[in-house]
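These notes concern the structure reproduced below.
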Number of protein chains: 2
Amino acid sequence: MAGKTHNGPKGAAGEQSGEDVSWQAQKSAMTRDRILDAAIHCFVVLGYTNVTTAKVASSAGVSRGAMLHHFPSKTELIQAAVEYLHDKLLEDYTEKVANIPATLTGADRRRAGIDAYWDHLTGDLFTVYNELCVASRTDPELRSILENSQQLFEEHIRETNGELFTEWRDRGDRFTLAMDVTKCMMEGMAGAQLMINREARVKRLLHYLTDRMEEIFEEGESSAIGRHSND
Amino acid sequence: MAGKTHNGPKGAAGEQSGEDVSWQAQKSAMTRDRILDAAIHCFVVLGYTNVTTAKVASSAGVSRGAMLHHFPSKTELIQAAVEYLHDKLLEDYTEKVANIPATLTGADRRRAGIDAYWDHLTGDLFTVYNELCVASRTDPELRSILENSQQLFEEHIRETNGELFTEWRDRGDRFTLAMDVTKCMMEGMAGAQLMINREARVKRLLHYLTDRMEEIFEEGESSAIGRHSND
DNA sequence: AGTGTTAAAAACAAGCCGGACTGATTAAAT
DNA sequence: ATTTAATCAGTCCGGCTTGTTTTTAACACT
């Protein structure tokens, strides 16, 4: 599994007992991860605001006391869970992108990238992440937790996309525009309440977006640049 | 009429000489509206999940007992507040659109429509509405309250846009596409966390979107329809 | 084994929210 | 003037959530 930017050193404060990772430390780390997985599961099922420490504990199959041992307060639990979620988000996206067959090239590859992103956006992980962003508007604590990961996430996506579409990476402004258009439109689609005929409309929008991506870079190669320059 | 299911706009309890409307009824209606305004204000300031009946009451300047007289339970208060918010949303959008000067025509008018929509989306009312939508994922009660207004809202927007851009109204599919693209992209922009250089990127995206709208209908007039047809 | 350390479980205390109830005050309606 | 409706202030209870404390169980080391 990926991530590991934070969780590893739980029993790092090893006693004089030596170098080998004690059995208890391993066990402890495992229950820690179980708790974090349970926390995210609760986010998905209950929604951020309805998550209580008791529910996380029971969902993880541990007692509240055990959980309090690992996370002395709810704040610390949430913080750890958000970081964990962040790791899983990055992992999910990079994995989906990495699974695009190398045989695809050109327009097919770009289309596959959009589909992969769409899969990512419609998954539970992103749904929860989005909920956290919304909730953070009036939750300063959560806000400060998220601010770090948001920038990291944006940079990571840009980087990944740069690797995925090497032919576009050095297009500068135009690359940013393409990514912003994709991001906004697809996140908008993911969040929009399209009440009637949703399937067809989404399909058509994805198709439309794919065409626009091609257009942006085709235009770049030809001449008609002026219209959406940055004034 | 779509909105106005329960009260009139702001001065609903107009003090004109109503024989049939008793003084007390008017006064009662006024405090009722004060409470609903306070509820929405609390939504804006505190966020949906942090709203308590006590805070709404104190924010409205009435006692809890008085509020319970109007809204016997929190559920009924929320329900009324959501309907009230829905009315205000429609009012806000139609007003912003109506304020577009009649002297504007063609592309200028379309651009003004996009700007008006953007103003609408970045206002407090929509922010709160969006929060409610997100919260409704795991709040069945709220969900059922919202479902009604969502469809009404979508229809109303379509209708309003049809009046605003009469030249497009009978374009059928293409009109739907244009509206979906605009809706998704702009709502995505409103919700997206663009951490760096936000202003410039938003400006550019609005510009880009405007161009795409023109393009959609220009193409319709010429020939190259095939690419984003509904296959 | 026996002792000490640590994870885990269970019991406890405190706070907040929503709702019910009461009694008093004000003002309109008759 | 009497009646009725609206408003207000205060109290109390039940439920839920959090965090602390106490108790039990598991393991490690000599």
Side-chain angles (χ1 to χ4, degrees), chain A residues 7 9-36 38-39 42-43 46-81 135 139 141-142, chain B residues 13 15-36 38-39 42-43 46-81 138-139 141-142:
Chain A
N7 51 0
K10 166 61 180 84
E15 311 299 317
Q16 67 277 27
S17 59
E19 68 296 337
D20 62 331
V21 229
S22 71
W23 231 58
Q24 290 193 131
Q26 285 189 24
K27 217 174 127 185
S28 177
M30 282 178 63
T31 64
R32 196 192 134 99
D33 274 13
R34 273 223 322 282
I35 291 172
L36 291 179
C42 285
F43 285 162
L46 304 170
Y48 171 68
T49 56
N50 302 319
V51 170
T52 69
T53 56
K55 284 175 182 156
V56 173
S58 89
S59 171
V62 302
S63 73
R64 286 189 58 238
M67 199 176 68
L68 262 336
H69 174 75
H70 287 277
F71 306 101
S73 75
K74 186 181 186 181
T75 299
E76 298 181 54
L77 170 63
I78 297 293
Q79 166 131 20
D139 188 334
E141 203 170 62
L142 182 57
Chain B
E15 294 81 4
Q16 78 285 32
S17 63
E19 289 85 18
D20 42 353
V21 255
S22 66
W23 252 106
Q24 288 192 140
Q26 289 189 22
K27 214 174 131 185
S28 178
M30 282 177 64
T31 64
R32 195 191 134 100
D33 275 13
R34 273 221 322 281
I35 292 173
L36 292 179
C42 286
F43 285 161
L46 305 171
Y48 170 68
T49 56
N50 302 319
V51 170
T52 70
T53 57
K55 285 175 182 158
V56 173
S58 89
S59 171
V62 303
S63 73
R64 288 185 56 225
M67 199 176 67
L68 254 47
H69 174 74
H70 287 277
F71 306 101
S73 75
K74 187 182 187 182
T75 299
E76 299 181 54
L77 170 64
I78 296 294
Q79 165 131 19
T138 52
D139 187 335
E141 203 170 63
L142 183 56

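Quantities reported herein were computed from a predicted structural model and do not represent experimental measurements. First the proteins, then the strands, lettered A, B, ... as listed; each starts at 1.
Phosphate proximity of dC16(D) to Thr52(A): absent, as no side-chain N or O sits under 4.0 Å from OP1 or OP2. Residue Thr31(A) has no polar side-chain atom (N or O) positioned under 4.0 Å from OP1 or OP2 of dA7(C).
Between the CD1 atom of Ile35(A) and the P atom of dA7(C) there is a distance of 12 Å, given to the nearest Å. The nearest whole Å value for the distance from the NZ atom in Lys74(A) to the P atom in dT20(D) is 15 Å. One interatomic measurement links the two molecules: NE2 of His69(A) to C1' of dA26(D), which rounds to 13 Å at whole-angstrom precision. Residue Leu68(A) contributes atom CG, which lies 13 Å from atom C1' of dA7(C) at whole-angstrom precision. Straight-line distance from the CG atom of Leu77(B) to the P atom of dG18(C): 10 Å, rounded to whole Å. Protein atom CZ of Arg64(B) is 12 Å distant from nucleotide atom C1' of dC8(D), rounded to whole Å. Distance Arg34(B) CZ to dA6(D) C1': 12 Å, rounded to the nearest Å. Rounded to an integer number of Å, the gap from CE of Met30(A) to P of dC27(D) is 13 Å.
Atom CZ of residue Arg34(A) and atom OG1 of residue Thr31(A) lie 6.0 Å apart, to the nearest 0.5 angstrom. Atom CG of Asn50(A) and atom OG1 of Thr49(B) lie 8.5 Å apart (nearest 0.5 Å). Taken to the nearest 0.5 Å, the CZ atom of Arg32(A) stands 9.5 Å off from the CG atom of Leu77(A).
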Output, in order, the C-alpha distance, side-chain angles, deciding distance and verdict of side chain to side chain contact (heavy atoms under 4.5 Å, CB included) for Val56(A) and Phe71(A). CA-CA 12 Å; Val56(A) 173; Phe71(A) 306 101; over 6 Å; no
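Taking all atoms of both residues into account, the shortest heavy-atom contact from Leu68(A) to Ser73(A) is CD1-N, 4.4 Å.
Here the side chain of Thr53(A) is nearest to one of dA9(C), dT18(D), dT17(D), namely dT18(D). Residue Ser73(A) places its side chain closer to dG19(D) than to any other of dA9(C), dG19(D), dC8(D). Of the candidates dC17(C), dA9(C), dT7(D), dA9(C) carries the atom nearest the Ser63(A) side chain, counting heavy atoms from C-beta on. When distances are taken from the side chain of Val62(B) to each of dC8(D), dC17(C), dT17(D), the shortest belongs to dC8(D). In this structure, the nucleotide among dT7(D), dG19(C), dT18(D) sitting nearest to the side chain of Ala66(B) is dT7(D).
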